Structure formats: C-alpha cells, structure tokens
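Reviewing the structure listed below.
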Amino acid sequence: LFLFNKKYIRQNTAKRRGECLRCGACCRLFFDSCTSLRFDADGKSSCLKYKSFRMPNCKIFPVDCRDIGDRNYFSDSPCGYWFIK
C-alpha cells in the first residue's frame with residue numbers, strides 16, 4: 001500500500017486516533033525477529049532506529065482496521081489505535 005496506494009493511506013491515517021502503547025506486536029508482523037526491537041524491564045518495546053531510519057511500513061502502521069486485526073494475532077493486549085467511521 002505504501003508504494004502503490006498513497007491516497008488510501010492518507011485517507012485512512014486521517015481517521016486514525018489513539019497512540020502507540022509500545023506492546024511491540026506490530027513489529028512482529030513485518031519481521032519475525034526485528035533486530036531493532038527491544039523491550040525494557042516493564043515490557044514496553046522500543047525501536048533502536050526510531051529516530052534515525054524506520055521502514056515506511058513502520059512509520060505508517062496501522063493504516064486501517066485490518067492492520068489492527070493482524071496485529072492482534074501477536075498480542076492479547078488491546079492496540080492503542082482505533083479508527084473513526
């Protein structure tokens with residue numbers, strides 16, 4: 001979607017609300033074991049490349065409700081994002 005349907009991304013991310021809760025579940029969607037993903041003592045995730053270079057899909061995630069559904073396969077905790085209708 002990032003490469004071929006930027007209009008869809010703009011339309012949907014404009015409807016996105018909430019904030020990242022740093023669970024790390026979305027990071028496991030793209031890479032089985034992302035080398036930039038770290039967890040602190042409280043179990044909160046962080047990305048070693050967050051301020052320098054992140055993949056485009058990492059910057060725009062989640063694009064729509066389907067993305068949240070996919071991320072739910074990796075975590076029982078709720079995602080901090082949601083979309084308005």
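For the numbers below, each heavy atom of this structure counts, side chains included, while hydrogens, waters and symmetry mates do not. Computed from a predicted model, the values in this text were never measured in an experiment.
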Counting only heavy atoms not in Asp40 (residues, nucleotides, ligands), do more than 12 fall under 6.0 Å from its CG?
yes
Taken in chain and number order and not counting sequence neighbours, the residues that satisfy ring-ring contact (aromatic ring centres under 6.0 Å, His included) with Phe61 are Phe30
Residues pairing under side chain to side chain donor-acceptor pair (under 3.5 Å) where one sits in residues 17-27, two or more places apart or in two chains, turn out to be none
Arg38 side chain to Cys47 main-chain N or O, any donor-acceptor pair under 3.5 Å? no
(message) Assess the residue pair Cys34 and Arg28 against the criterion (side chain to side chain contact (heavy atoms under 4.5 Å, CB included)); give the C-alpha distance rounded to whole Å, side-chain angles, the decisive distance to 0.1 Å, and a yes or no.
(response) CA-CA 7 Å; Cys34 180; Arg28 289 176 271 187; over 6 Å; no
Between the SG atom in Cys79 and the CG atom in Asp70, the distance rounded to the nearest 0.5 Å is 11.5 Å
For Asp64, the side chain to side chain donor-acceptor pair (under 3.5 Å) test, sequence neighbours excluded, returns Tyr8, Arg66
Interatomic distance, SG@Cys23 vs CZ@Arg71, rounded to 0.5 Å, equals 4.0 Å
d(Asp67 CG, Ile60 CD1) to nearest 0.5 Å is 8.0 Å
On a heavy-atom basis, the closest approach of Pro62 and Tyr81 is CD-CD1, 3.5 Å
For the residue pair Phe83 and Ile68, establish whether any side-chain heavy-atom pair is separated by less than 4.5 Å.
-> yes
Sorted by chain and residue number, the side chain to side chain donor-acceptor pair (under 3.5 Å) partners of Tyr50 (sequence neighbours excluded) come out as none
Applying side chain to side chain donor-acceptor pair (under 3.5 Å) to Thr13 and not counting sequence neighbours gives none
Output for pair (Asn5 CG, Arg10 CZ), nearest 0.5 Å, gives 9.0 Å
Those residues at least two apart in sequence (or on a different chain) that pass side chain to side chain donor-acceptor pair (under 3.5 Å) with Ser77 are Ser75
CZ of Arg54 to SG of Cys27, rounded to nearest 0.5 Å, is 9.5 Å
Verify the cluster assignment for Phe53 and Leu37: are they in a single hydrophobic cluster under the rule of side-chain heavy atoms below 4.5 Å apart? no
